[in-house]
Amino acid sequence: MSELILEQASDDFLAREADVYPSRNGQSARLIGRQDPVVHASKEQSPPVDCSFIDAYNEQGFVVLNDVFTPDEVSTFQRELDRLRADPKTQQSADVITEPNSNDLRSLFRVHENSPNFKALAADERLADLARYLLDDEVYIHQSRLNYKPGFRGKEFYWHSDFETWHMEDGMPRMRALSMSITLTENFDCNGPLMLIPGSHKQYVVCEGETPKDHYLTSLKKQEYGVPSDDCLKTLVAQGGIVSAAGKPGSVIVFDCNLMHGSNGNITPFPRSNAFFVYNALSNKVVNPFCAQTPRPEHVCTRKNIIPIPKLKRRI
Ligand code: 6CS
Ligand code: FE
């Protein structure tokens, strides 16, 4: 028995040693090249959106699709967002993250399972077909959340690559995942919209420090590990600049799992609320974390309940 444990430990050690995307392991901060495609579909496959969007996604690491959802659909999601916030069950739930210095709701996780509306949204063909094309595989939801970014006290999300965290803390093997952020309120320049660094997805940022135990309990409020060094960030911004994704409700920001992004706090009275789905390729299911900690819980990282999204020709 103890031999088996030793063997597993040494396998894990070897896997981490051979890791093409090392981070938080004592190495100094630096940029290394991406080892995976951005668009996984072959040239022969035809995309569900105009080819120019696919080319932009490939080059920039993101694309904004405007007016994907109608005002009526957006109103339905907004009502569901408010209903969930007011529901006493939500307030008791482990799926909730509050803002660092107040009890305001910052994020609500696992909405693709716990809300029929958001479950339908995650499976909607306008989103899922594009995810299947870009990842060239069946897809499942690795993580879902509503980010409320409330007015007055909504705090920032510091710069990060999602993949760095999902690789280190969840054991996502390769860069074959993407995020879709569906805007549910207007994203102005002033209420803390998503900021993206074009082209940054082509390099992987090795981060300093070690992963603390139960990191998710603090990182989801304020992330301090798995963030780029000042020098790495300077280089990425010098190369690509910064774009902020302002837009009307009902648009979709599609971005690669390794794109460097973040957002400022919101001291305006206007909430900046988004629904956020992470699609992962079925062939890229999570394994053991690449950092030396236990896996994060199911509401932050789907590990047990992996269900491919059905290919239905159906809109919500
Ligand atoms: O922890 C996560 O899965 C996501 N949340 C944060 C604050 N950073 C990394 C990743 O985007
Ligand atoms: Fe993120």
Side-chain angles (χ1 to χ4, degrees), residues 21 23-24 61-62 94-100 105-112 140-149 154-173 175 177-183 187 192-198 200-201 204-209 211-228 232-233 236 242-245 252-266 272-280 284-286 289-291 293-303:
Y21 297 122
S23 192
R24 311 187 205 175
F62 69 93
D95 301 346
V96 157
I97 299 286
T98 54
E99 288 292 342
L105 184 50
R106 177 172 171 85
S107 303
L108 177 63
F109 282 82
R110 229 198 307 214
V111 288
H112 70 292
Y140 72 94
I141 298 294
H142 169 71
Q143 183 189 91
S144 71
R145 65 208 277 185
L146 302 175
N147 284 328
Y148 282 79
K149 186 70 81 86
K155 292 286 182 284
E156 77 280 1
F157 287 83
Y158 192 71
W159 293 107
H160 62 278
S161 142
D162 296 323
F163 178 76
E164 195 275 347
T165 294
W166 299 336
H167 186 58
M168 282 300 119
E169 300 189 22
D170 298 338
M172 182 182 283
M175 295 180 186
L178 56 82
S179 298
M180 293 199 189
S181 177
I182 299 93
T183 58
N187 285 220
L194 190 61
M195 296 189 294
L196 313 132
I197 303 183
S200 58
H201 62 307
Y204 178 72
V205 179
V206 178
C207 301
E208 288 175 345
T211 312
K213 190 172 177 324
D214 293 334
H215 184 218
Y216 72 99
L217 292 174
T218 50
S219 68
L220 298 174
K221 289 175 181 273
K222 185 172 198 260
Q223 187 173 359
E224 291 178 338
Y225 296 89
V227 295
C232 286
L233 191 72
L236 293 176
I242 298 176
V243 168
S244 77
V252 181
I253 307 159
V254 186
F255 60 105
D256 175 77
C257 60
N258 187 47
L259 189 76
M260 189 58 67
H261 63 282
S263 64
N264 283 317
N266 182 12
R272 188 230 54 167
S273 306
N274 294 341
F276 184 81
F277 300 114
V278 180
Y279 295 87
N280 191 20
N284 195 38
K285 284 197 270 272
V286 295
F290 286 79
C291 74
Q293 293 292 354
T294 51
R296 301 196 295 178
E298 189 76 13
H299 69 281
V300 182
C301 160
T302 307
R303 185 174 295 278

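As the structure lists them, so they are numbered: ligands from 1, and atoms in each ligand from 1.
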Test item: Glu164 and Tyr204 side chains (from C-beta on) under 4.5 Å apart, heavy atoms: yes
I want to check something: taking the side chain as every heavy atom from C-beta on, are His142 and Asp170 in contact at a cut-off of under 4.5 Å? yes
As a test of reading the model: which residues have a non-hydrogen atom less than 4.0 Å away from ligand 1? Gln143, Arg145, His160, Asp162, Thr165, Trp166, Ser219, Leu220, Gln223, Arg296
Determine how many protein N/O/S atoms sit closer than 2.8 Å to the Fe ion (ligand 2), leaving waters out since they are not shown. 3
Has the side chain of Ser200 got a donor or acceptor atom that lies under 3.5 Å from a matching backbone atom of Met260? yes
side-chain hydrogen bond (donor to acceptor under 3.5 Å, both in side chains) against Tyr21, all qualifying residues, sequence neighbours excluded: Asp36
Going from CG on Asp256 to CG on Asp162, what distance comes out if it is rounded to the nearest 0.5 angstrom? 9.5 Å
Determine, step by step, whether Ser263 and Arg272 satisfy the side chain to side chain contact (heavy atoms under 4.5 Å, CB included) criterion, reporting the C-alpha distance in whole Å, the side-chain angles of both residues, the deciding distance to 0.1 Å, and the verdict. CA-CA 11 Å; Ser263 64; Arg272 188 230 54 167; 4.2 Å; yes
Which salt bridge (Lys or Arg N to Asp or Glu O under 4.0 Å) pairs, counting each pair once, include a residue from residues 212-221, with sequence neighbours left out? none
Any Lys/Arg nitrogen of Glu298 or Arg110 sitting under 4.0 Å from an Asp/Glu carboxylate oxygen of the other? no
N-O pairing of Glu99 and Lys155 below 4.0 Å: no
